[in-house]
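Heads up: the structure comes next, in structure tokens.
By convention here, the first residue in the shown sequence is residue 1.
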Amino acid sequence: MSKRSRRARLALAQGESAGHPRAAEIHALFPEGGDAKWSPVERECRFVRHVRPYNANQKRLMEAIESASLVVAAGPAGTGKTYLAVAKAVEALEAGSIGRIVLSRPAIEAGETLGFLPGNVEMKLAPYLRPLTDALSDRLGAKRMKALMAEGAIEIAPVAFMRGRTLNNAFVVIDEAQNCTYGQLKMLLTRLGWGSTMVLTGDPDQSDLLPGISGFKDVVERLKLLPDAEVVEFSGQDIVRHPLVAAMLTVL
């Protein structure tokens, strides 16, 4: 590389002395002796995206998460419920407001049984928890997400493993709550500990359980009676996914 640099400087000097027609357009990208030093190893370039609400209900959800310890986001798919909850969780972790993030969702197939999956427990549960890891990776980057998970600062667990725990100083996100029974949701809600925030997200119209088994709608109606709990209900007008999603929900 040093030979190439000397050769380039020599060609530049010869071009200027010979009055090359494009000599004035040739310049060193990183001139020697300059104040600005660049190294592809030492310098880390990151693009930090700030989450902002696209509609009134998203704004209300973000404000509710900041002010209440228990928040329920109910509405159709594509309204940003899970993504906003995970984004606020990452924001709280980065700010030091909480000590860890706990993400949980039921391990239920969407209408079909795939049978036994190979591997250990983590490998078997990975397909069910992938939506949460995708949102985390989008906010943190895959490398930092894996590092925080290895440290225990981020935990992703199925609903079946939440019994008996007390979650203090944590940001808890319960995703796909419409696939939980009333008993499971009651168990999850009572895991809330001191200094923690819990967000339940779910679509009441897309439960993969048999009719009458999901307890999400009942829990939403009961939590509306609590003054310290916030319930944000989204509609088809709040969908920020492809415009066809909102159109399809009106006819399907």
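- With a 4.5 Å cut-off on side-chain heavy atoms, Val51 and Arg139 count as touching.
- In this structure, Val90 is a member of the same hydrophobic cluster as Leu84, with clusters built from ILVMFWY side-chain heavy atoms closer than 4.5 Å.
- Take Ser104 and apply the side chain to side chain contact (heavy atoms under 4.5 Å, CB included) test, not counting sequence neighbours, and it matches Val159, Met162, Ile174.
- Not one N or O on the side chain of Ser69 forms a donor-acceptor pair closer than 3.5 Å with the backbone of Thr197.
- At least one cation-pi condition fails for Arg163 and Phe161: the charged atom is not both under 6.0 angstrom from the six-membered ring centre and inside a 45 degree cone around its axis.
- Within the structure, every pair that satisfies the salt bridge (charged side-chain N to carboxylate O under 4.0 Å, His left out) test and touches residues 58-79, not counting sequence neighbours, is listed here: Glu66-Lys88.
- One finds the CD atom of Gln184 at 11.5 Å from the CG atom of Leu189 (value rounded to the nearest 0.5 Å).
- One hydrophobic cluster, built from ILVMFWY side chains closer than 4.5 Å, cannot hold both Phe216 and Leu132; they sit in different ones.
- Each of Leu192 and Val232 belongs to its own hydrophobic cluster when Ile, Leu, Val, Met, Phe, Trp and Tyr are linked at side-chain heavy-atom distances under 4.5 angstrom.
- Within the structure, salt bridge (charged side-chain N to carboxylate O under 4.0 Å, His left out) contacts touching residues 229-242 (residues at least two apart or in different chains) are Lys224-Glu233.
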Leu148/Leu93 under side chain to side chain contact (heavy atoms under 4.5 Å, CB included): CA gap, chis, key distance, verdict:
CA-CA 10 Å; Leu148 290 174; Leu93 181 66; 4.1 Å; yes
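- Side-chain contact check for Leu61 versus Val71: some heavy-atom pair is nearer than 4.5 Å.
- Although no hydrogens or angles enter the test, the distance criterion places a donor-acceptor pair under 3.5 Å between the side chain of Gln58 and the main chain of Tyr54.
- Residues Val72 and Ile65 fall into different hydrophobic clusters, defined by Ile, Leu, Val, Met, Phe, Trp and Tyr side chains chained together at heavy-atom separations under 4.5 Å.
- To the nearest 0.5 angstrom, Phe171 atom CZ is 9.0 Å from Glu91 atom CD.
- With hydrophobic clusters built from ILVMFWY side chains whose heavy atoms lie under 4.5 angstrom apart, Leu209 does not share a cluster with Val220.
- Looking at heavy atoms from C-beta onward, Val173 lies out of side-chain contact with Met198 at the 4.5 angstrom threshold.
- Not counting sequence neighbours, the partners of Asn168 by the side chain to side chain contact (heavy atoms under 4.5 Å, CB included) test are Thr166, Trp194.
- How far CG of Leu140 is from CD1 of Ile154: 5.0 Å, rounded to the nearest 0.5 Å.
- Contact check for Tyr182 versus Ile213: no side-chain heavy atoms found under the 4.5 Å cut-off.
- The CD atom of Gln237 lies 9.5 Å from the CG atom of Asn57; values are rounded to the nearest 0.5 Å.
- Under the side chain to side chain contact (heavy atoms under 4.5 Å, CB included) criterion, Ser137 pairs with Ala142, Met145, sequence neighbours left out.
- Atom CE in Met149 sits 13.5 Å away from atom CZ in Arg144 (nearest 0.5 Å).
- No side-chain heavy atom of Val199 sits less than 4.5 Å from a side-chain heavy atom of Val172.
- Nearest heavy-atom pair, Lys217 versus Pro204, reported as atom, atom and distance to 0.1 Å: CE-CB, 3.5 Å.
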So Leu200 and Leu70, side chain to side chain contact (heavy atoms under 4.5 Å, CB included) or not? Walk me through it.
CA-CA 8 Å; Leu200 267 72; Leu70 177 60; 4.3 Å; yes
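- For the pair Ser214 (side chain) and Thr181 (backbone), a donor-acceptor distance under 3.5 Å is absent.
- Under the 4.5 Å side-chain criterion, counting only non-hydrogen atoms from C-beta, Asp138 is not in contact with Val86.
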Apply side chain to side chain contact (heavy atoms under 4.5 Å, CB included) to His242 and Val245, showing your working.
CA-CA 6 Å; His242 195 283; Val245 175; 4.2 Å; yes
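- Here the shortest heavy-atom pairing between Val102 and Ala170 reads CG2-CB, 4.4 Å.
- Between Gly236 and Pro76 the shortest heavy-atom distance is N-CG, 4.0 Å.
- Rounded to the nearest 0.5 angstrom, Ser67 OG and Asp228 CG are separated by 10.5 Å.
- In this structure, the side chains of Asp203 and Phe234 stay at 4.5 Å or more apart for every pair of heavy atoms.
- Residues Glu155 and Ile101 have side chains not in contact (no heavy-atom distance under 4.5 Å, counting atoms from C-beta outward).
- Between the side chain of Asn179 and the backbone N or O of Asp208, at least one donor-acceptor pair lies under 3.5 Å.
- For residues 172-198, the salt bridge (charged side-chain N to carboxylate O under 4.0 Å, His left out) pairs, not counting sequence neighbours, are Arg105-Asp175, Arg105-Glu176.
- Counting only distance, with no hydrogens or angles, the side chain of Ser207 and the backbone of Gln178 share a donor-acceptor pair below 3.5 Å.
- Of all non-hydrogen atoms in Ala85 and Thr201, the two that sit nearest each other are CB-CG2, 4.4 Å.
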